[in-house]
Amino acid sequence: MRIIGGDYARLRFTPPKGLKLRPTTDLAKEALFSALGSLISLEGKRVLDLFSGTGSIGIEFVSRRAEEVVFVEKNPKHARYIQSIIKELRPSSTTQVVVQDTFKYIAKCEKTFDLIFADPPYDLPTIKDLPDLVLGSSLLAPEGHFVLEHPSSLQFIDTYPACFKHKSYSEVNFSFFRNA
């Protein structure tokens, strides 16, 4: 895993064996952060990283000086790995790693975030419901953004009014939603 931008650019971390991974490629990560950079400044933002996995995306937000980054990952091994990276970096951002099912977290969280990123397993049966869950909750601040990474078999841009941008990088797709 490589950090591609910000304060920790070019640092590399090797996930331990035994983690179930489908990491976002560096090319897709670079494209994602380029697209986000054209929308908003990440510095000082409150960010929620759902289905964190290795923490690769959330760590990019930390590297780009988000004020707060909350990682939600239900697999304890993955969560410990994210915590180990944060401990090594000692960032100025406030970070929290929550070991919990994402759907339970969404239902109970009382915080508000400027940006929410979700990278669920592509075979998750309820992946198509995530925009409704996130945008229908109080998690996303007014004028906030939600980015969903998903397989190419799902499309939101033509059918979901809050979806204003779609980017595709081979098998990796990002749909961008804006909270009205």
Using the test side-chain contact (heavy atoms from CB on, under 4.5 Å), find all partners of [X] that sit at least two apart in sequence or belong to another chain.
{"X": "Ser56", "result": "Met1, Lys29, Thr54"}
{"X": "Lys104", "result": "Gln100, Asp101"}
{"X": "Ser168", "result": "His166, Asn173"}
{"X": "Pro76", "result": "Arg80, Val99"}

Indicate yes or no: at least one non-hydrogen side-chain atom of [X] is less than 4.5 angstrom from one of [Y].
{"X": "Ser93", "Y": "Phe61", "answer": "no"}
{"X": "Phe164", "Y": "Phe177", "answer": "no"}
{"X": "Asp26", "Y": "Ile4", "answer": "yes"}
{"X": "Lys74", "Y": "Tyr105", "answer": "no"}
{"X": "Val98", "Y": "Phe71", "answer": "no"}
{"X": "Tyr8", "Y": "Ile59", "answer": "no"}
{"X": "Leu42", "Y": "Phe33", "answer": "yes"}
{"X": "Leu32", "Y": "Ile57", "answer": "yes"}

- Query: What's the verdict on ring-ring contact (aromatic ring centres under 6.0 Å, His included) for Phe176 and Phe146, showing C-alpha distance, side-chain angles and the deciding distance?
  - Reply: CA-CA 6 Å; Phe176 296 74; Phe146 170 53; 9.9 Å; no

Shortest non-hydrogen contact between [X] and [Y], atoms and distance:
{"X": "Ser137", "Y": "Ile106", "result": "CB-CG2, 4.4 Å"}
{"X": "Ser175", "Y": "Phe156", "result": "OG-CD1, 3.6 Å"}
{"X": "Ile3", "Y": "Phe13", "result": "CD1-CE1, 3.7 Å"}
{"X": "Ile86", "Y": "Pro91", "result": "O-CD, 3.5 Å"}

- Query: What side-chain hydrogen bond (donor to acceptor under 3.5 Å, both in side chains) pairs are there with at least one residue in residues 61-73, not counting sequence neighbours?
  - Reply: Asp7-Arg65, Glu60-Arg64, Glu68-Lys111

Show me the pairs that pass salt bridge (charged side-chain N to carboxylate O under 4.0 Å, His left out) and involve [range], at least two apart or across chains.
{"range": "residues 124-135", "value": "none"}
{"range": "residues 163-180", "value": "none"}
{"range": "residues 32-42", "value": "none"}
{"range": "residues 87-96", "value": "none"}

- Message: With rounding to the nearest 0.5 angstrom, report the CD1 to CG distance, Ile116 to Leu140.
- Response: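 The CD1 atom of Ile116 sits 4.5 Å away from the CG atom of Leu140.
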
- Message: How long is the straight-line distance from CG of Asp119 back to CG of Leu148, given to the nearest 0.5 Å?
- Response: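 Answer rounded to 0.5 Å: 8.5 Å.
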
- Walk me through it: do Phe174 and His150 pass the test ring-ring contact (aromatic ring centres under 6.0 Å, His included)? CA-CA 6 Å; Phe174 298 110; His150 59 85; 8.2 Å; no

- Only counting residues at least two apart or in another chain, list the ones meeting ring pair (Phe, Tyr, Trp, His ring centres under 6.0 Å) with Tyr169.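 In terms of ring pair (Phe, Tyr, Trp, His ring centres under 6.0 Å), with neighbours along the sequence ignored, Tyr169 is linked to no residue.
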
Hydrophobic cluster membership, with links at side-chain heavy-atom distances under 4.5 Å among I/L/V/M/F/W/Y: are [X] and [Y] in one?
{"X": "Phe103", "Y": "Leu154", "answer": "yes"}
{"X": "Phe113", "Y": "Phe117", "answer": "no"}
{"X": "Leu115", "Y": "Val134", "answer": "no"}
{"X": "Val147", "Y": "Tyr160", "answer": "no"}

Kindly list each side-chain donor-acceptor pair under 3.5 angstrom involving residues 45-53, sequence neighbours excluded, with atom names and distances?
| residue | atom | partner | partner atom | Å |
| --- | --- | --- | --- | --- |
| Arg46 | NE | Thr112 | O | 3.0 |
| Arg46 | NH2 | Asp114 | OD1 | 3.2 |
| Asp49 | OD2 | Ser52 | OG | 3.4 |
| Asp49 | OD2 | Gly58 | N | 3.1 |
| Ser52 | OG | Asp49 | O | 2.8 |
| Ser52 | OG | Val72 | N | 3.1 |
| Ser52 | OG | Val72 | O | 3.4 |

- Task: Apply side-chain hydrogen bond (donor to acceptor under 3.5 Å, both in side chains) to Thr95 and list each qualifying residue two or more places apart in sequence or on a separate chain.
- Result: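 Counting only residues at least two positions away or on another chain, Thr95 forms no side-chain hydrogen bond (donor to acceptor under 3.5 Å, both in side chains).
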
